[in-house]
Amino acid sequence: MKFRVERDVLAEAVSWAARSLSPRPPVPVLSGLLLKAEHGTVSLSSFDYETSARLEIPAEITQEGTILVSGRLLADICRSLPSAPVDVETDGTKVTLTCRRSSFHLATMPENEYPALPALPAGNGVVDGAAFSQAVSQVIIAASKDDTLPILTGVRLEFENDLITFLATDRYRLAMRELSWAPSTPGQSMSALVKAKTLNEVAKTLGGSGELKLAITEDDSRLIAFESAGRATTSLLVDGDYPKIRSLFPETTAIHAVVSTSELVEAVRRVSLVAERNTPVRLAFTEGQVHLDAGTGEDAQASEELEARLEGEDITVAFNPGYLIEGLSVIETKFVRFSFTAAPKPAMLTAQAELDGEDSDDYRYLVMPVRLPN
């Protein structure tokens, strides 16, 4: 195999394909990237039995061929090369990268031992990549990071006609986001449980490339695929029955409070500086203001007041400051609306563009309060 390609093109492609390589692969060949040069393009592939990635880049091919080489080492080398064309050539079990006066010789791996990549399923529809990325960023904050509960480390995607619903929970907060998409055939109804980490990678690396194509297999392979701008990635779905969390979002609430989103985020950050580990920040809503405080007894204490609009009875609630800040930070409107049924019950946060406007229900964040002593 022998080809020439621009350094920036090669480095960016190798970095993307190698991003999901496991630091401790189950077999050595899975630490490699598979490069195949033919018909004027070089395809790069990675696979670890759970996720796969593949893309093609244009190249000047002198000799077609296939090699398997250490992905992380190749990525490090490509990033270090000067900005100039790179020549890649194999000689027996070695591959040489030459760029100006720099030359690297790497051992190849046996490509015949590399497993076949899963086939890409037929597309079920397309969604705007930027909107998809925003939806993912809003829901993955509520996904669990505890690998002992693998089901809760995933995000449930529910597809009904032209609507995708994203759902995530770690038992202490819930997040739900609805997003329009264009299904390939009308009347589609399906669901998938995808690791939050996988969705985050897809959102970061494919979300900015325009339309994002989504596909879910209908057989026992249990795969979801994402494809955009000539790049494709697949992932195994998470096994198990996801809890029915939709019903936990209240249909009616008697108490509503509207606060400036950015001001509340900063106030919670400041007040929580004196909150010891696992201690809450208290919010007391009265007409015209919300009073925040943290710390008790002879320990350090802090308080702050902000303007707020309240509808309903006065209410005092306490929250884990980290959970509250994460929920507020993904709300992109000027104001946030708190909806309560009662102080011991979860609070629902929604976005509100104007102080006197209607809240938007396409994103909802439900956070459990911390019980206060009588």
Problem - Under-4.0 Å salt bridge between Glu50 and Lys195 - result: yes
Practice task
Could you tell me whether the side chain of Ser184 and the main chain of Asn124 form a donor-acceptor pair under 3.5 Å?
Solution key: yes
Exercise for the section: For residues Leu292 and Val290, determine if any side-chain heavy atom of one lies less than 4.5 Å from a side-chain heavy atom of the other. Expected result: yes
Exercise for the section: Could you check if a side-chain atom of Ser83 sits within less than 4.5 angstrom of a side-chain atom of Asp8, using non-hydrogen atoms only? Expected result: yes
Exercise for the section: Check whether any side-chain N or O of Thr333 sits under 3.5 Å from a backbone N or O of Ala351 as a donor-acceptor pair, and report yes or no. Expected result: no
Problem - same_hphob_cluster(Met1, Val5) at 4.5 Å side-chain heavy-atom cutoff - result: yes
Exercise for the section: Flag yes if Leu157 and Leu223 sit in one hydrophobic cluster, no otherwise; membership is Ile, Leu, Val, Met, Phe, Trp, Tyr, and two members link when side-chain heavy atoms are under 4.5 Å apart. Expected result: no
Exercise for the section: Check whether more than 12 heavy atoms from other residues, nucleotides or ligands sit under 6.0 Å from atom CD of Glu313, and answer yes or no. Expected result: no
Exercise for the section: Considering only NZ, NE, NH1 and NH2 on the basic side and carboxylate oxygens on the acidic side, decide whether Asp239 and Arg222 come within less than 4.0 Å. Expected result: yes
Practice task
Check the side chains of Thr185 and Gln188 for a donor-acceptor pair under 3.5 angstrom, ignoring hydrogens and angles.
Solution key: yes
Exercise for the section: Could you tell me whether Lys145 atom NZ has more than 12 heavy atoms of other residues or ligands within 6.0 Å of it? Expected result: yes
Exercise for the section: Taking the six-membered ring for Trp and the single ring otherwise, decide whether the centroids of Tyr365 and Phe249 are under 6.0 Å apart. Expected result: no
Exercise for the section: Using distance alone, with no hydrogens and no angle criterion, decide if Arg171 and Thr169 have a side-chain donor and acceptor under 3.5 Å apart. Expected result: no
Problem - N-O pairing of Lys334 and Glu354 below 4.0 Å - result: no
Practice task
May I ask you to test the Thr153-Lys197 pair for a side-chain heavy-atom distance under 4.5 Å?
Solution key: no
Exercise for the section: Tell me, with the steps shown, if Arg173 and Glu326 meet salt bridge (Lys or Arg N to Asp or Glu O under 4.0 Å). Expected result: CA-CA 10 Å; Arg173 62 261 181 83; Glu326 286 183 335; 2.8 Å; yes
Handout entry: Ring centres under 6.0 angstrom apart (Phe159, Trp181)
Key = yes
Problem - Cation over ring face, Arg156 and Tyr242, 6.0 Å, 45° - result: no
Exercise for the section: Give a yes or no on whether Asn112 atom CG has more than 12 heavy-atom contacts from other residues, nucleotides or ligands under 6.0 Å away. Expected result: yes
Practice task
Decide ring pair (Phe, Tyr, Trp, His ring centres under 6.0 Å) for Tyr114 and Phe47; before the verdict, give the C-alpha distance in whole Å, the side-chain angles of both, and the deciding distance to 0.1 Å.
Solution key: CA-CA 9 Å; Tyr114 199 73; Phe47 186 38; 7.2 Å; no
Practice task
Decide if atom CG of Asp91 counts as having more than 12 heavy atoms of other residues, nucleotides or ligands within a radius under 6.0 Å.
Solution key: no
Practice task
Verify the neighbour count for atom CD of Glu211: are there more than 12 heavy atoms of other residues, nucleotides or ligands below 6.0 Å?
Solution key: no
Practice task
Fit a plane to each ring of Tyr323 and Tyr172, take the angle between them on a 0 to 90° scale, and name the class: parallel (under 30°), tilted (30 to 60°) or perpendicular (over 60°).
Solution key: parallel
Handout entry: Distance-only polar pair, side chains of Ser52 and Thr234, donor-acceptor under 3.5 Å
Key = yes
Practice task
Apply salt bridge (Lys or Arg N to Asp or Glu O under 4.0 Å) to Arg246 and Glu158, showing your working.
Solution key: CA-CA 11 Å; Arg246 271 179 180 264; Glu158 297 178 352; 2.9 Å; yes
Practice task
Determine, step by step, whether Gln134 and Glu332 satisfy the side chain to side chain donor-acceptor pair (under 3.5 Å) criterion, reporting the C-alpha distance in whole Å, the side-chain angles of both residues, the deciding distance to 0.1 Å, and the verdict.
Solution key: CA-CA 10 Å; Gln134 182 195 41; Glu332 300 179 350; 2.6 Å; yes
Handout entry: Exam field: side chain Glu266 to backbone Arg269, donor-acceptor pair closer than 3.5 Å
Key = no
Practice task
For the pair Arg231 (side chain) and Leu206 (backbone), establish whether a donor and an acceptor sit closer than 3.5 Å, ignoring hydrogens and angles.
Solution key: no
Exercise for the section: Answer with yes or no whether the side chains of Asp146 and Ser144 bring together a donor and an acceptor at under 3.5 Å. Expected result: no
Exercise for the section: Evaluate the ring planes of Phe285 and Phe338, with Trp represented by its six-membered ring, and classify them as parallel (under 30°), tilted (30 to 60°) or perpendicular (over 60°). Expected result: tilted
Handout entry: Pairwise side-chain contact, Thr51 with Thr198, heavy-atom cut-off 4.5 Å (strictly under)
Key = yes
Handout entry: Test item: side-chain donor near acceptor, Ser189 and Glu160, under 3.5 Å
Key = yes
Problem - Shared hydrophobic cluster, Val265 / Leu283 (ILVMFWY, side-chain heavy atoms < 4.5 Å) - result: yes
